[in-house]
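Worksheet: one structure, shown below.
Note on naming: letters A, B, ... go to the chains in the order of the sequence lines (proteins, then strands), and numbering restarts at 1 for each one. Source: prediction; values computed, not measured.
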Amino acid sequence: MYRTLTKRYPDVRCELDFQDPFQLLVAVVLSAQCTDKRVNQVTPALFRRFKNPKAMAGAKVLEIEELIRSTGFFRIKAKNIKILSEMIMSNFAGQVPGTLEELITLPGVGRKTANVVLGHAFGIPGITVDTHFGRLSRRFGWTEENDPVKVEFAVAELIPQSEWTNLSQRMIWHGRRICHSRKPACGACPLSTLCPSYGMGEMDKVKALAMVKSDEDFR
DNA sequence: ATCCCGAGGG
DNA sequence: CCCTCTGGAT
């Protein structure tokens with residue numbers, strides 16, 4: 001997703017590419033419920049107009065809204081980006097903060113966004129649990145699906161810290177490109193031999209819930 | 001019609 | 001736990 005990772009793991013297709021922590025943070029905020037393609041479409045103009053937290057803090061919310069309209073949730077995102085920029089200026093001396101606790105004080109920045117920024121802008125390992133993890137959990141009948149923090153801790157137990165950022169990126173990529181909810185590309189999936197729903201195709205929430213339930217009954 | 005590389009609020 | 005916010009893709 002980001003330059004350092006693109007270089008280190010060339011087989012993972014990375015589509016957002018920002019070295020600057022602030023621009024990375026804003027891009028990840030924009031990527032919620034939105035494709036990378038769309039984010040990459042709006043960021044050049046956005047950062048040409050407001051390239052750092054100082055400029056973004058002085059922006060009119062309406063102008064940010066216009067620049068990011070096509071990314072969805074644009075009113076909330078625009079407001080959050082302005083406030084978050086103001087907070088970076090007033091609370092963090094103009095620098096994107098480098099800890100989880102500080103990052104999640106920013107509006108629009110939760111655990112997932114914070115961990116992505118920590119991993120890619122600061123090299124601090126973290127497990128990034130997104131909705132793909134949940135979907136994968138469903139496919140495997142894991143019942144922790146509704147608690148991302150539990151999944152985060154469980155994965156952290158299993159994987160060496162040095163691989164957390166790499167694994168997270170690969171999982172996100174896997175969910176996006178292979179294990180998506182509509183027509184999962186099971187033929188291209190390295191986990192197909194392990195997956196109890198291999199070849200079932202479409203997995204909606206109703207089916208998934210039934211599967212988890214029957215799995216519980218079985219135990 | 002239904003979901004999406006979330007987050008925040010009730 | 002539930003709901004809302006948004007446009008776009010399928």
Side-chain angles (χ1 to χ4, degrees), chain A residues 1-2 5-6 9 12-18 23-43 45-46 61-62 64-85 87 100-121 126-139 143-152 155 164-185 189 201-209 212:
Chain A
M1 194 182 272
Y2 312 106
L5 206 77
T6 311
Y9 308 104
V12 173
R13 182 95 192 294
C14 301
E15 288 159 336
L16 292 183
D17 212 3
F18 297 95
Q23 296 190 359
L24 172 61
L25 174 61
V26 172
V28 178
V29 167
L30 288 178
S31 77
Q33 301 294 96
C34 179
T35 62
D36 287 341
K37 191 182 274 187
R38 193 59 64 183
V39 173
N40 282 330
Q41 228 169 327
V42 307
T43 44
L46 179 65
V61 176
L62 280 175
I64 303 177
E65 284 185 9
E66 284 313 306
L67 287 164
I68 67 171
R69 179 175 294 276
S70 65
T71 66
F73 297 164
F74 67 93
R75 262 165 246 158
I76 290 180
K77 285 176 182 172
K79 189 171 71 168
N80 283 342
I81 288 168
K82 177 170 165 67
I83 295 174
L84 141 185
S85 302
M87 287 176 65
L100 181 68
E101 295 72 31
E102 291 171 319
L103 278 167
I104 61 179
T105 65
L106 301 173
V109 180
R111 237 188 145 75
K112 183 256 171 182
T113 303
N115 268 326
V116 171
V117 171
L118 285 173
H120 295 275
I127 302 290
T128 304
V129 178
D130 64 355
T131 51
H132 296 135
F133 254 109
R135 190 162 54 247
L136 192 71
S137 301
R138 287 209 302 272
R139 288 185 181 283
T143 51
E144 302 89 71
E145 65 171 282
N146 289 323
D147 192 340
V149 179
K150 274 190 192 164
V151 174
E152 188 182 316
V155 174
W164 287 359
T165 302
N166 176 27
L167 175 83
S168 297
Q169 182 54 45
R170 282 166 183 274
M171 289 301 289
I172 289 170
W173 184 89
H174 177 266
R176 177 43 110 63
R177 297 295 160 144
I178 296 179
C179 195
H180 34 74
S181 61
R182 307 260 186 186
K183 282 164 50 191
C189 181
E202 155 84 12
M203 160 83 63
D204 60 29
K205 284 182 180 167
V206 178
K207 267 194 218 167
L209 206 62
V212 171

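No donor-acceptor pair under 3.5 Å is formed between the side chain of A:Asn115 and the backbone N or O of A:Gly126. Panel note: side chain A:Lys77, backbone A:Leu30; a donor-acceptor pair is recorded below 3.5 Å.
Note on A:Gly175: nothing from the nucleic acid sits closer than 4.0 angstrom, heavy atoms only. Residue contacts for A:Val109: at a heavy-atom cut-off of 4.0 Å it reaches the sugar-phosphate backbone alone, with no base atom in range. Within the nucleic acid shown, A:Ile104 has no heavy atom closer than 4.0 Å to any nucleic acid atom.
Looking at A:Val116 and A:His120, their side chains come closer than 4.5 Å, going by heavy atoms from C-beta outward. In this structure the side chain of A:Leu167 never reaches within 4.5 angstrom of the side chain of A:Thr128, judged on heavy atoms. Side-chain contact between A:Pro107 and A:Met87 is present, with at least one heavy-atom pair separated by less than 4.5 Å.
One interatomic measurement links the two molecules: NZ of A:Lys112 to P of B:dG6, which rounds to 5 Å at whole-angstrom precision. The interatomic distance linking A:Asn40 (CG) with B:dC5 (C1') rounds to 13 Å, in whole Å. Atom pair A:Leu103:CG and B:dG6:P shows a separation of 17 Å (rounding to whole Å applied). To the nearest angstrom, C1' of B:dC5 lies 16 Å from CZ of A:Arg170. A:Glu65 has its CD atom 11 Å from the P atom of C:dG7, to the nearest Å. Summarising the geometry, the separation between CD on A:Gln41 and P on C:dA9 is reported as 8 Å, rounded to the nearest angstrom. Here B:dA7 presents its P atom at 11 Å from CG of A:Leu25, a figure rounded to the nearest Å. Between the CD1 atom of A:Ile68 and the C1' atom of C:dG8 there is a distance of 15 Å, given to the nearest Å.
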Extract all donor-acceptor atom pairs below 3.5 Å that involve side chains of residues 64-73 of chain A and protein atoms in other chains or at least two apart in sequence.
| from | atom 1 | to | atom 2 | distance (Å) |
| --- | --- | --- | --- | --- |
| A:Glu66 | OE2 | A:Arg69 | NH2 | 2.7 |
| A:Thr71 | OG1 | A:Ile68 | O | 2.8 |

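For the C1' atoms, the distance linking B:dC5 with C:dC1 amounts to 24 Å, nearest Å.
A search for salt bridge (charged side-chain N to carboxylate O under 4.0 Å, His left out) contacts involving A:Arg38 returns nothing, not counting sequence neighbours.
Within residues 72-81 of chain A, the residues approaching DNA chain C are A:Gly72, A:Phe73, A:Phe74, A:Arg75, A:Ile76, by heavy-atom distance under 4.0 Å.
A sub-4.0 Å separation between OP1 or OP2 of B:dA7 and a side-chain N or O of A:Thr113 is present. The shortest distance between the side-chain N/O atoms of A:Gln33 and the OP1/OP2 oxygens of B:dG6 is below 4.0 Å.
Both A:Ala32 and A:Thr35 lie near DNA chain C, and the one whose nearest nucleotide falls closer to the 5' end is A:Ala32.
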